[in-house]
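Step one of this worksheet: look at the structure below.
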Amino acid sequence: MATMTTLLPGEDVPSSQFPKSKKGTLTLGPGLRHVPPSTILATTAGSLQVDHKKSALWLEFENGRYQPAVGDLVIAQVHHTGSDHFFCSLTPHTPHALLGQLAFEGASKKTRPNLKSGDIVYGRITKASKWEDTELECINPSGKADGMGQLKEGMLFHVSHAFARRLMMGTDKSGHSKGAVVILEEMGEKIRFEVAVGRNGKVWINSSSVKETVMIGRLLTTADEEHWDVEQQKKAVKKALQDA
Amino acid sequence: MGPEIIHHPLVRADGSATYSSSLFSVTAAVNGPIEVQRRDELPEEAAIEVNIRPSSGVGGPRERWLESVVSGVLRSVLLVHMNPRTLIQITLQVTKEPSLKLRRSVKDIAALPSLLHASFLAVADGGLPLATTMSASLVAVAETGETVLEPSEKELAKSRSAHAFSFNTHGDLLLDESAGEFDSQMWESVCQLAAKACADTVQRGEDEAMGNGAAEKLPWLRLELEDRAREGSAWRETT
């Protein structure tokens, strides 16, 4: 990221910023819209990010509601059960997302998963369109659960969707966190816990004691709210471990 | 001096902003896109619901009128077709009003720019798809025929007419509401003044404005939005 371009709603992306692709195609991400023939306008205030390898452009912004996109891993809460679907909520006050009762590992018509309202599932979005209901599944194309499915016990914490995205970025080859969040790594060296991050701004944590679970969750939510940098995160983790 | 702005004061809302000018303070909260009631549902676009709460008491016909004006402007700013069959809900709470006794019609006009700025900043904060950036301004015409941009309470109380205008970045007129006595010639000169003022809040090339030493000419809206955008991706620089 050499120089960061910030755009206001309705401003066009300068053509000098377009990535040069061999195929001559561009991929547009969130926050941008294409007005034929060749204008790309920002739809919100954000900083322009360019990926030259994938010839992709997108705007990064912090706040707002999570908008479902195909392939996103999310944490959904079952609201009620239908005849062949679970109706799950991804974000408050939005239409329910559908989770097929057979979209689980090893599920058949006779052995359906028994989810009650209020249960939490980790799943992947398979359909997201503005005209239809969002659909989820807890199974890979290969038929394996791959970590998806019901999340039992543990606690759910709410963070902003931008922070959840950073948590999910993983680490690069040298082991540095790409999203500049090190709380989970630092904690993982001292405490054993399970974690699942949903792109819709939800983090599920489970450990041997409630105290530890709450400690990790609180660290994550305050890191999000107060925009901690890596040093602050490390300090806070150290302090939390001492106080525990 | 530009107005005072607090970004994201409400944690639970999708987007929120507090806007304080010398006359009014308004806190705006935006939720959306959310599920819409069947009777308000629009098949091709998002419904916009604006709720205005006065600083004291419950809203009446005046608030309903202001709501309809604000939602009309926001409809042309938001890209409503991006989220069909949804609702974008905007709640505006007025927290400060002029203390001087003003004519009610003038007061309503004077409130419009603050209400619009607060709701625009909240909508931008909520990351909702927007077609353009907009800005609004208030102009009063004194008894002597002198035009005053962003008048103070006293100037407003003594004014012959008050005008609220809103323009987008391309200079298109989004809102024109006036109260009092004026002729078309006066309106035109007031409109030009307001267009210039609105363009100034989002103009590029801040160094130039700084060089003039005119504090009023600072493109505060652009600076505020750019600051927010930079804050959102500040973590990138540390890696």
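For the options R166(A), R33(A), E60(A), heavy-atom pairs under 4.5 Å to chain B are most numerous at R166(A). Taking L79(B), T169(B), V30(B) one by one and counting their heavy-atom pairs under 4.5 Å with chain A, the maximum is reached by L79(B).
When all heavy atoms of W235(B) and A180(A) are compared, the closest pair comes out as O-CB, 4.0 Å. Nearest approach of E132(A) to R85(B), heavy atoms of both residues: N-NH2, 4.0 Å. Closest approach of P33(B) and R65(A) over heavy atoms only: O-CD, 3.5 Å. Nearest approach of R228(B) to E62(A), heavy atoms of both residues: NH2-OE1, 4.2 Å. Taking each heavy atom of T44(A) and A124(B) in turn, the nearest pair found is OG1-O, 3.8 Å. Between A229(B) and T6(A) the shortest heavy-atom distance is CB-CG2, 3.9 Å.
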Starting from the C-alpha separation in whole Å, work towards a yes-or-no answer on side-chain contact (heavy atoms from CB on, under 4.5 Å) for T43(A) and L130(B).
-> CA-CA 5 Å; T43(A) 60; L130(B) 297 166; 5.6 Å; no

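Side-chain contact between N31(B) and H93(A) is absent, with no heavy-atom pair separated by less than 4.5 Å. Proximity of E11(A) to T132(B): side-chain heavy atoms (C-beta onward) are nowhere separated by under 4.5 Å. Put simply, the side chain of T86(B) does not reach to within 4.5 Å of the side chain of K130(A), judged on heavy atoms.
Contact of L8(A) with chain B is made through backbone and side chain together, with heavy-atom distances under 4.5 Å. If you measure heavy-atom distances from M134(B) to chain A, you find no contacts under 4.5 Å at all. Contact annotation for L128(B): only backbone heavy atoms (N, CA, C, O) come within less than 4.5 Å of a heavy atom of chain A. Residue W228(A) does not touch chain B at all, counting heavy-atom pairs closer than 4.5 Å. Proximity to chain B is limited to the side chain of Q67(A), based on heavy atoms less than 4.5 angstrom apart.
In the displayed structure, K238(A) atom NZ is contacted under 6.0 Å by at most 12 heavy atoms of other residues, nucleotides or ligands. In E231(B), the CD atom is crowded: over 12 heavy atoms of neighbouring residues, nucleotides or ligands sit closer than 6.0 Å.
Side-chain N or O atoms of S47(A) include none that pairs as donor or acceptor with a backbone N or O of R230(B) at under 3.5 Å.
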